[in-house]
Amino acid sequence: MSVLEIKNLHVNVETEQGTREILRGVDLVINEGEIHAIMGPNGSGKSTLAYTIAGHPKYQVVEGEILLDGENVLEMSVDERARAGVFLAMQYPVEIPGVTVTNFLRTAKTAIDGEAPAIRGWIKDVRESMSNLKMDSAFAERNVNEGFSGGEKKRNEILQLELLKPKFAVLDETDSGLDVDALKIVSEGVNRAHSNTGLGVLLITHYTRILRYIKPDFVHVFVAGKIAEQGGAELADRLEEEGYDRYQVAESAAEAVTAE
Amino acid sequence: MTSTAMPTAEQHGLVAHSDGAFVPVQTRSERFRSVNVDEFAPVTGREHEWKFSPIATFADLIGGELDGSRLPIETTDASGIAFSYIPRGDSRIGTAGTPEERASANAWSTFGEALLVSVTGEDEKIAFVTRTGLGDAPRAAHTVIEAAPNSRGFVVLAGTGTARLSENVEILVGAGASLTVVSLQEWDDEAVHLSSQFARLGRDAFLKHIVVSLGGNVVRVNPSTHLAEQGADIEALGLYFADAGQHLEQQVFVHHDAPHTKSRVTYKGALQGAGARTVWIGDVLIGNAAVGTDSYEQNRNLVLTEGTRADSVPNLEIETGDIEGAGHASATGRFDDEQLFYLMARGIREDEARRLVVRGFLTDIVQKIGSADLEARLTAAIEAELEGR
């Protein structure tokens, strides 16, 4: 039984105006197979949490811990975290010119597993996952994210999720910029990975829309760098009706504190 | 343009103005040319063709006495590609171009015989000419690569080991011929190599010209292409990887001089280590006769570490209004840490992620070379560069 624990996490970012405190004591426990939705207004620190878990060098952890099955994730490099089973589906996946999707997927799979995948089974897996995500087979020979539409980029992220089979996936606004068809396809992919591998999911989103297709076990409302409220799926329904307005007072007060 | 019609050097600013530092921009077609080294003024380093180069490191090649004897070469056999030596007076010599700077003229003035690489027949074939271990004394060489009308061929001019070489290469592509010439520089760390390459393309001829510079202390390969007859087509590719202390330079010139000619120039380079230095100058001249020209040139540089410098200067001169297209692009960017993060977030170790990005950056040039063996060899050479070997 795998578990990802985030304890009293405080994170700063260096900006041109000086140090900014973004996360102010986040506590979260995600067990294998659980789906947690993190919802919150823009600027509340949701993406910072995602990138900090993945180990982006821009974010400095000043206090707290992230543990994966008791192992200190913060001491791991970015690639070590991925090999330990943490996956981040990015909001803005970058282009890698000259590197084909096929080459990239095989390289990543080899790195994660510690050995090259058996060629025949691997090709079949890739084909099947691409077909499930309604990705044209020509996709495989294109360069990673180069000239991809927004929807294609997100599908490519979920393709990697399905093929690399991590223990925990952080989905950073995977729903943003998707039309309803693409949203359904992407959500189905996440649900497949969840039911096939017992994936634990941290679903970061601004909108409740994706929660129609991916049912969360827990919903956490993120405001001003910490969890302001948590509950079950019913909390998302309430947010859909009421929006984030009732948290805005707290948020603007907090922003006044951090204002340069 | 014939040399008898050339204006004097003084008229065109080769002599410094009274303020001593200013050399005016001039149209490329009016540059001073001569095969005689003594007609060039001494090089100061301020001239447009020298201002990016470390001229002090090869004063001997610019102005000193050169050994013009045959270079030690190894050649591979291919049916339809023949090697021989021709005397200075051979009628082919001088038909593809004339030196525009002193080191080129110095080599031209002193070479003994020219190596002739003669391509005939319509079958595809490839031959290597490898110059290995030319020694530490300054040398001159002259090579003529001649593709007969309607012939096809692939010629690799490679350099390894030691060298202090100034040379001229003339490439004559006959009507309807399709020729690939690769100039591959894999010299030792101390080597200096200055190469002026002149191509003349006949009617409907196609030349793929590829400059690959990886090894050497100073490597300056300047290819000029004269699209002299209707329908001539040049694809000029370049790939370079400069390490610490290396100077890799290329001044590319394409002269559209006939109707419906086409050019594509794509040079890509990577720089890694303190003092790694690259220069790319891309001049395109679309002459009055060159109606219907289709031209595009671009240069991209990837900066991998601090302490490097890449100069990139595209120039486009257009003398006719009736063209299909002409454009240029240049970009020099640092290694993108977000690409590194993305790959590492998929479990790929940092060194492998860097290799993927750099190989990806250079790969579109490698893939256009058109010889699987050479592509594999260059991919391996690029990996070795990345590992600092």
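Chain letters run A, B, ... following the sequence lines, proteins first and then strands; every chain starts at 1.
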Novice: Could you list each N or O donor-acceptor pair linking chain B to chain A at a distance under 3.5 Å?
Specialist:
from	atom 1	to	atom 2	distance (Å)
Glu338(B)	OE1	His56(A)	NE2	3.1
Glu338(B)	OE2	His56(A)	NE2	2.9
Gln339(B)	NE2	Glu95(A)	O	2.9
Tyr342(B)	OH	Asn145(A)	ND2	3.4
Tyr342(B)	OH	Glu157(A)	OE2	2.4
Tyr342(B)	OH	Gln160(A)	NE2	3.1
Arg346(B)	NE	Gln160(A)	OE1	2.4
Arg346(B)	NH1	Leu88(A)	O	2.8
Arg346(B)	NH2	Leu88(A)	O	2.9
Arg346(B)	NH2	Glu157(A)	OE1	2.7
Gly347(B)	O	Arg83(A)	NH1	3.0

Novice: Do the non-hydrogen side-chain atoms of Phe104(A) and Ile348(B) ever get within less than 4.5 Å of each other?
Specialist: yes
Novice: Specify the closest pair of heavy atoms between Ala82(A) and Gly347(B), including all atoms of both residues, with the distance to one decimal.
Specialist: CB-N, 3.2 Å
Novice: Taking side-chain hydrogen bond (donor to acceptor under 3.5 Å, both in side chains) as the definition, give me every residue that meets it alongside Gln246(B), ordered by chain and number, with sequence neighbours left out.
Specialist: none
Novice: Should we say atom CG of Asp189(B) is surrounded by more than 12 heavy atoms from elsewhere, each under 6.0 Å from it?
Specialist: no
Novice: Excluding sequence neighbours, so at least two apart, what forms side-chain hydrogen bond (donor to acceptor under 3.5 Å, both in side chains) with Ser224(B)?
Specialist: none
Novice: For Leu356(B), run the side-chain contact (heavy atoms from CB on, under 4.5 Å) check against Val144(A), Ile96(A), Val99(A) and tell me which one passes.
Specialist: Val99(A)
Novice: Which atoms of Leu164(A) are under 4.5 Å from chain B, going by heavy atoms: the side chain, the backbone, both sets, or neither?
Specialist: side chain
Novice: Checking Pro57(A) against chain B: side chain, backbone, both or neither under 4.5 Å from a heavy atom?
Specialist: side chain
Novice: According to side-chain contact (heavy atoms from CB on, under 4.5 Å), who are the partners of Val181(B), at least two apart in sequence or on a separate chain?
Specialist: Ile145(B), Ile171(B), Leu179(B), Leu207(B), His209(B)
